[in-house]
Engineer: 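What follows is a structure written as structure tokens; I'll ask about it next.
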Amino acid sequence: MIIIRCSQLWLHLFFLTRMKMKKIVFAALLMVCPMVAAHAAEYVTPDNTDTLTAKTVDAKTIKAENQKWEVSPYLNIGFNTMLGAPSGYDFNLWPSFDVGFGVKGEWMPYGKKNVWSMGFGVNWRYYRMDNATRWQKDATTAEMTLVPYLATESDRRTSLTAFSLQVPITYTHYFDKEQDWGVTLGGIVNFNTGAHVTREYTFQDEDYEVETGSIHQRPVTIDGLLMVHMPGDFALYCKYCPMKYFRDGYGPKMNQLSFGIYF
């Protein structure tokens, strides 16, 4: 009986002591927590917040500077003509035009001064010619040639229109990190999916417009490209195709030349 009483007394003291220890621990936590909160509030001061924000901005800037890939749209507008055409094939710079747009991916493995680029776009080329002659397609050979208008045909207008899908592949070297001044060299692969010639004239007070397709342009040509970049996010470009426009035996031997502004 004495042993049981002693055991019960010991257990009672144990639980009583344990409860007091809990109270002591909770009291200590209540004292410590305000100190921790005050310390955290002291740490996150306006000055420290500015420091953290500045560090975050610097980290974002470093990440942007180290970014190696960029995707962006492009647009070019200019004039074009044909070089090397036989005598009598007179192309006018105005209102001939060259318009193209698309998207390109830029790769910068060694920083923003050296940029490799590949893209995909579309291109329209419109060539105006001398009003004294018009295109004619031979019924037997399908060869395209120029013949004079009739004397009774007035208000004459002769043109050639071409449409292409393009894959530009270029390298650009910039002379500054801001990419203001630079030079681009490269080539443009043209998939010439459509082309036609048009003649417009007036005969006996009636207006006529005759369009001829299937003119046998080369299905694939490659342009050499040179661009000079300037401040303001634009460049002057020049494109020249060393390949003849028409397939052999289907038209005069001539080469495309375009120049203008690139954005």
Side-chain angles (χ1 to χ4, degrees), residues 71-86 89 91-106 116-129 133-146 157-171 184-200 209-227 235 237-263:
V71 178
S72 60
Y74 69 85
L75 168 70
N76 68 274
I77 303 174
F79 303 99
N80 56 22
T81 186
M82 292 286 187
L83 298 181
Y89 289 77
F91 290 85
N92 300 328
L93 273 179
W94 177 257
S96 300
F97 63 83
D98 171 45
V99 176
F101 65 88
V103 294
K104 60 181 179 178
E106 296 180 332
W116 283 263
S117 174
M118 184 174 181
F120 178 79
V122 295
N123 179 250
W124 288 269
R125 300 185 188 187
Y126 176 79
Y127 301 88
R128 277 288 295 273
M129 306 190 65
T133 56
R134 62 178 177 85
W135 288 102
Q136 177 175 280
K137 185 177 181 179
D138 189 274
T140 304
T141 64
E143 181 180 3
M144 301 298 299
T145 57
L146 285 180
R157 188 178 298 114
T158 303
S159 63
L160 185 156
T161 305
F163 174 80
S164 306
L165 302 176
Q166 294 188 327
V167 179
I169 303 172
T170 63
Y171 165 74
T184 293
L185 295 173
I188 301 176
V189 182
N190 301 288
F191 298 93
N192 304 308
T193 58
H196 64 268
V197 296
T198 305
R199 69 177 186 269
E200 302 174 52
E209 180 176 344
V210 181
E211 183 177 296
T212 303
S214 301
I215 62 176
H216 298 283
Q217 74 278 8
R218 289 189 183 274
V220 180
T221 55
I222 300 176
D223 296 341
L225 174 66
L226 169 65
M227 292 197 299
Y237 76 89
C238 181
K239 297 186 296 183
Y240 174 75
C241 182
M243 306 172 67
K244 305 303 180 184
Y245 182 76
F246 289 103
R247 294 166 57 188
D248 293 341
Y250 287 100
K253 297 182 182 298
M254 53 189 184
N255 305 84
Q256 300 177 87
L257 174 69
S258 304
F259 56 91
I261 302 176
Y262 179 95
F263 300 96

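Given the structure is predicted, the values throughout are model-derived calculations rather than measurements.
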Engineer: Would you please name every residue forming a side chain to side chain contact (heavy atoms under 4.5 Å, CB included) with Trp116, sequence neighbours left out?
Structural biologist: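 Expected list: Trp107, Pro109, Tyr110, Asn114, Tyr171.
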Engineer: Counting C-beta onward and ignoring hydrogens, is there a side-chain heavy-atom pair between Lys239 and Gln256 closer than 4.5 Å?
Structural biologist: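 Sidechains of Gln256 and Lys239: no contact.
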Engineer: Side chain to side chain contact (heavy atoms under 4.5 Å, CB included) with Lys137: which residues, sequence neighbours excluded?
Structural biologist: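 For Lys137 the side chain to side chain contact (heavy atoms under 4.5 Å, CB included) partners, ignoring immediate neighbours, are Ala142, Met144, Thr212, Ser214.
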Engineer: Parallel, tilted or perpendicular: which one describes the rings of Tyr262 and Tyr74, with boundaries at 30° and 60°?
Structural biologist: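 Tyr262 and Tyr74: parallel rings.
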Engineer: Looking at Pro86 and Lys253, what are the two nearest heavy atoms and their distance?
Structural biologist: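 Closest approach of Pro86 to Lys253: CD-O, 4.1 Å.
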Engineer: Is the closest side-chain donor-acceptor distance between Asp138 and Thr145 under 3.5 Å?
Structural biologist: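 Absent: no donor and acceptor within the cut-off.
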Engineer: As a quick check of understanding, evaluate side chain to side chain contact (heavy atoms under 4.5 Å, CB included) for Asp248 and Arg218, giving each step before the final call.
Structural biologist: CA-CA 9 Å; Asp248 293 341; Arg218 289 189 183 274; 3.0 Å; yes
Engineer: Using 0.5 Å steps for rounding, measure from the CZ atom of Phe246 to the CD atom of Gln217.
Structural biologist: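 Phe246 CZ to Gln217 CD: 8.0 Å, rounded to 0.5 Å.
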Engineer: Apply the side-chain contact (heavy atoms from CB on, under 4.5 Å) test between Ile188 and each candidate in Thr170, Val167, Leu225; give the one that qualifies.
Structural biologist: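 In the set Thr170, Val167, Leu225, the residue that makes a side-chain contact (heavy atoms from CB on, under 4.5 Å) with Ile188 is Leu225.
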Engineer: Is it true that atom CZ of Phe79 has more than 12 heavy atoms of other residues, nucleotides or ligands lying nearer than 6.0 Å?
Structural biologist: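 Incorrect, the count does not exceed 12.
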Engineer: When you look at Asn190 and Arg125, which way does the side chain to side chain contact (heavy atoms under 4.5 Å, CB included) test go after all the steps?
Structural biologist: CA-CA 12 Å; Asn190 301 288; Arg125 300 185 188 187; 4.0 Å; yes
Engineer: By side chain to side chain donor-acceptor pair (under 3.5 Å), which residues pair with Arg128, not counting sequence neighbours?
Structural biologist: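 With sequence neighbours excluded, Arg128 shows a side chain to side chain donor-acceptor pair (under 3.5 Å) to no residue whatsoever.
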Engineer: Looking at residues at least two apart in the chain, or sitting in another chain, which of them share a side chain to side chain contact (heavy atoms under 4.5 Å, CB included) with Thr133?
Structural biologist: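 Applying side chain to side chain contact (heavy atoms under 4.5 Å, CB included) to Thr133 gives Leu146.
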Engineer: Less than 4.5 Å apart, side chain to side chain, heavy atoms only: is that true for Leu165 and Val122?
Structural biologist: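 Heavy-atom side-chain distance check passes, below 4.5 Å.
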Engineer: Given 3.5 Å as the limit, does a donor-acceptor pair link the side chain of Asn123 with the main chain of Val99, or not?
Structural biologist: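 At least one qualifying donor-acceptor pair exists.
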Engineer: A quick test of your reading: do over 12 heavy atoms of other residues, nucleotides or ligands sit less than 6.0 Å from CE of Met243?
Structural biologist: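 Atom CE in Met243 is crowded, with more than 12 foreign heavy atoms closer than 6.0 Å.
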Engineer: Applying side chain to side chain contact (heavy atoms under 4.5 Å, CB included), run through Lys244 and Asn255 and close with a yes or a no.
Structural biologist: CA-CA 5 Å; Lys244 305 303 180 184; Asn255 305 84; 3.0 Å; yes
Engineer: Testing the basics here: between Cys241 and Ile222, what is the closest heavy-atom pair and its distance to 0.1 Å?
Structural biologist: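 For Cys241 versus Ile222, the nearest heavy atoms are SG-O, 3.5 Å.
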Engineer: I want to check something: taking the side chain as every heavy atom from C-beta on, are Ile261 and Ile77 in contact at a cut-off of under 4.5 Å?
Structural biologist: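 Ile261 does not reach Ile77 side chain to side chain.
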Engineer: To the nearest 0.5 angstrom, please state how far the OH atom of Tyr127 sits from the OH atom of Tyr89.
Structural biologist: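 Answer for the OH-OH pair, Tyr127 versus Tyr89, is 16.0 Å.
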Engineer: How many angstroms lie between atom CG of Asp98 and atom CG of Asp223, to the nearest 0.5 angstrom?
Structural biologist: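 Rounded to the nearest 0.5 Å, the CG-CG separation comes out at 8.5 Å.
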Engineer: Quick one: CG on Leu257 to OH on Tyr240, what's the gap to the nearest 0.5 Å?
Structural biologist: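 Result: 8.0 Å between the selected atoms.
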Engineer: Over all heavy atoms of both residues, which pair between Arg199 and Trp135 is shortest? Give the atoms and the distance, please.
Structural biologist: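 Minimum heavy-atom contact is NH1-O, 3.9 Å.
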Engineer: If I compare all heavy atoms of Asn80 with all of Leu93, which pair ends up nearest, and what's the gap?
Structural biologist: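 Taking Asn80 first and Leu93 second, the nearest heavy atoms are O-CD2, 3.8 Å.
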Engineer: Quick check: closest heavy atoms across Tyr245 and Ala195, and the distance to 0.1 Å?
Structural biologist: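 What the structure gives for the nearest pair is OH-CB, 3.3 Å.
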Engineer: Partners of Phe91 by ring-ring contact (aromatic ring centres under 6.0 Å, His included), sequence neighbours excluded?
Structural biologist: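 Not a single residue meets the ring-ring contact (aromatic ring centres under 6.0 Å, His included) criterion with Phe91.
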Engineer: Would you please name every residue forming a side chain to side chain contact (heavy atoms under 4.5 Å, CB included) with Val103, sequence neighbours left out?
Structural biologist: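 For Val103 there are no side chain to side chain contact (heavy atoms under 4.5 Å, CB included) partners, ignoring immediate neighbours.
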Engineer: In Å, rounded to the nearest 0.5 Å, how long is the span from CZ of Arg134 to OG of Ser159?
Structural biologist: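 It is 13.5 Å, given to the nearest 0.5 Å.
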Engineer: Closest heavy-atom contact between Thr221 and Asn192?
Structural biologist: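 Smallest interatomic distance, heavy atoms only, reads OG1-ND2, 3.2 Å.
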Engineer: Going from NE2 on His216 to CZ on Arg247, what distance comes out if it is rounded to the nearest 0.5 angstrom?
Structural biologist: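 One finds 6.5 Å between NE2 of His216 and CZ of Arg247.
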